[in-house]
Participant: 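Supplied in structure tokens, the structure appears directly below.
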There are 2 protein chains.
Amino acid sequence: MKRPSYHHGDLANALTTAATQLAREGGPDAIVLREAARQVGVSATAAYRHFAGHGDLMSAVQKRAMDELAGAMRSALAATGAESDPRAEAMRRLRALGLGYLRFALAEPGLFRTAFCRPTPGMPDKPAQDMSVVGPYQMLVDSIDRFVDVGLLALERRPWAETFAWSSVHGLAILLLDGPLRHCPPPDRDQIIDRVLDGVVAGLTAA
Amino acid sequence: MKRPSYHHGDLANALTTAATQLAREGGPDAIVLREAARQVGVSATAAYRHFAGHGDLMSAVQKRAMDELAGAMRSALAATGAESDPRAEAMRRLRALGLGYLRFALAEPGLFRTAFCRPTPGMPDKPAQDMSVVGPYQMLVDSIDRFVDVGLLALERRPWAETFAWSSVHGLAILLLDGPLRHCPPPDRDQIIDRVLDGVVAGLTAA
DNA sequence: AAACTATGTTGGCGCCGTCAACTTAGAGGA
DNA sequence: TCCTCTAAGTTGACGGCGCCAACATAGTTT
């Protein structure tokens, strides 16, 4: 595992990958710059040629995590078969999105927590960070727009509708991962997920 | 600020208070054992006579934070005037609870984040911890039981209904504090909160 | 009064993020 | 071709952290 030349060639990427693996296994707190450098086979301070500091590295990992989440949601959406009734289809797509979100959170808790962890002092906290969320967010917005298109959601109730949906699903993810539901056995868990998705759809489509 | 005697007398409490103040100002990551000891005017290792370690201290702070949250919710509930229509009253109480929850999260972000932060290795993670949440949780359950009592929520939809409500409100809190909504100006914020609470009530009471 | 125990203190370990100063390898112009 | 310049890595050090072992002190008990 010794690199042939003095210069690495793609250290920024290698460090981000190593740090992402750390986050995958232990969440945001497991992202330790020195360990990532160690795994890449480079001195700790070498990282500072490519990252402003720990927060900057973390922010790179966040972006990767968010991309993985977006991918999981995309897959979940793609795995949803077509439907004749457009209303049923709109609901099914929204549920698929939520399910993809939750399944990712449960399958990759470390990455999920990292994706949404609060910007540490020393992190950019620029619009760039919010941009990385555009994948998941845009999918959700599109999915809710369909509700309007097929007449499931009145235009006057459209504003912030996606925020409601996102809040519910995200909150459930947090409660399942870190909250009081964290020791909930999988059968109950699946039932809860179903019920919360029911609530979201009902909350959106209610008169 | 020098204590008169060699023995402090109530060090555990003093440390917890100091640590709680740290958490209030900077969230869970700001809870640093040495700093708490410093502020109390005691050597760092003295804390180990009263706490198993950093995680144990943190867990004590968590309990305090959860108590403060429960207090805020209780106040919010108490501030709600009576209502003639029992259905309207049930809804109003649930909304008051959610509002109290969210206002606390926004007013005391550090404590709120600490209250719900994931058990670190080294923390008990015993039922005791889940017990501390019994205040907020029980209030929510009671409030939703009223929905059943007044016929707003069918019995068959009762299971996990409080989980749905909690997820939505908790998720919104997280998104507002740390998520993509963290720079949302207060007017929009209040509107969002209203809309999400609408969604919760609608999701619960939908046919 | 003596011994015991609960509660502090000091000093030190290994980890962390970060900085300053030095070294190396490779690219580009004379 | 050689020489220089600079981007990319290195070493060594600093202060802060959680934690441990060993020691000191002050109440309590007998």
Side-chain angles (χ1 to χ4, degrees), chain A residues 1-19 21-23 25-62 114 117-125, chain B residues 1-19 21-23 25-62 114 117-125:
Chain A
M1 255 309 176
K2 200 173 276 183
R3 84 200 112 102
S5 84
Y6 184 85
H7 288 311
H8 181 283
D10 195 18
L11 187 51
N13 231 289
L15 284 173
T16 306
T17 301
Q21 190 56 26
L22 291 176
E25 287 158 12
D29 293 346
I31 300 182
V32 29
L33 188 147
R34 290 178 107 110
E35 177 62 25
R38 221 171 284 138
Q39 291 189 5
V40 173
V42 114
S43 80
T45 53
Y48 286 82
R49 297 293 167 190
H50 304 271
F51 299 96
H54 176 263
D56 196 21
L57 173 60
M58 182 129 145
S59 162
V61 175
Q62 257 186 344
T114 304
C117 91
R118 149 172 85 132
T120 313
M123 268 212 249
D125 195 8
Chain B
M1 254 312 178
K2 199 172 273 181
R3 81 202 116 99
S5 85
Y6 184 85
H7 288 313
H8 182 284
D10 195 17
L11 187 51
N13 231 287
L15 284 173
T16 306
T17 300
Q21 191 55 27
L22 291 176
E25 287 158 12
D29 293 346
I31 300 182
V32 29
L33 190 146
R34 290 177 106 111
E35 177 62 24
R38 222 171 284 139
Q39 292 190 5
V40 173
V42 112
S43 80
T45 53
Y48 287 83
R49 299 293 169 191
H50 304 271
F51 299 96
H54 176 264
D56 196 20
L57 173 59
M58 182 130 147
S59 162
V61 174
Q62 258 187 341
T114 304
C117 90
R118 151 172 83 133
T120 313
M123 268 212 249
D125 195 9

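A note on names: the letters A, B, ... follow the listed sequences, proteins ahead of strands, and every chain is numbered from 1. Nothing here was measured: the structure is a model prediction, and the numbers come from that model.
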Participant: Between B:D29 (CG) and C:dG17 (P), how many Å, whole number?
Facilitator: 13 Å
Participant: Just so I know, are the side chains of A:L11 and A:R49 near enough to count as touching, which here means a heavy-atom distance under 4.5 Å?
Facilitator: no
Participant: Whole Å only: how far is the CD1 atom of A:I31 from the C1' atom of C:dG17?
Facilitator: 14 Å
Participant: Would you say a side-chain N or O of A:H50 is under 4.0 Å from OP1 or OP2 of D:dA7?
Facilitator: no
Participant: Does any N or O donor sit under 3.5 Å from an N or O acceptor when you compare the side chain of A:T45 with the base of C:dT18?
Facilitator: no
Participant: Can you figure out which of C:dC16, C:dT9, C:dT18 approaches the side chain of A:V32 most closely?
Facilitator: C:dC16
Participant: Please examine the side chains of B:Q39 and B:L22, heavy atoms only from C-beta on, and report whether any two atoms are closer than 4.5 Å.
Facilitator: yes
Participant: Counting side-chain heavy atoms from CB outward, which of D:dC17, D:dG9, C:dG8 is closest to A:A46?
Facilitator: D:dG9
Participant: Side-chain N or O of A:Y48 versus OP1/OP2 of C:dC19: is the shortest distance under 4.0 Å?
Facilitator: no
Participant: What's the closest nucleotide to the A:L33 side chain, out of D:dG18, C:dG17, C:dG8?
Facilitator: C:dG17
Participant: So does B:R34 reach the base of D:dG16 with its side chain, donor to acceptor, closer than 3.5 Å?
Facilitator: no
Participant: Can you tell me how far apart CD1 (B:I31) and CD (B:Q21) are? Round to the nearest 0.5 Å.
Facilitator: 11.5 Å
Participant: As an exercise, state the distance from CZ of A:F51 to OG1 of A:T16, rounded to the nearest 0.5 Å.
Facilitator: 3.5 Å
Participant: For B:F51 and D:dC17, give me the distance from atom CZ to atom C1', rounded to whole Å.
Facilitator: 18 Å
Participant: On DNA chain C, check which nucleotide each of A:E35 and B:D10 is closest to and give me the residue with the more 5' one.
Facilitator: B:D10
Participant: Does B:R49 put a side-chain nitrogen or oxygen below 4.0 Å from OP1 or OP2 of D:dC20?
Facilitator: no
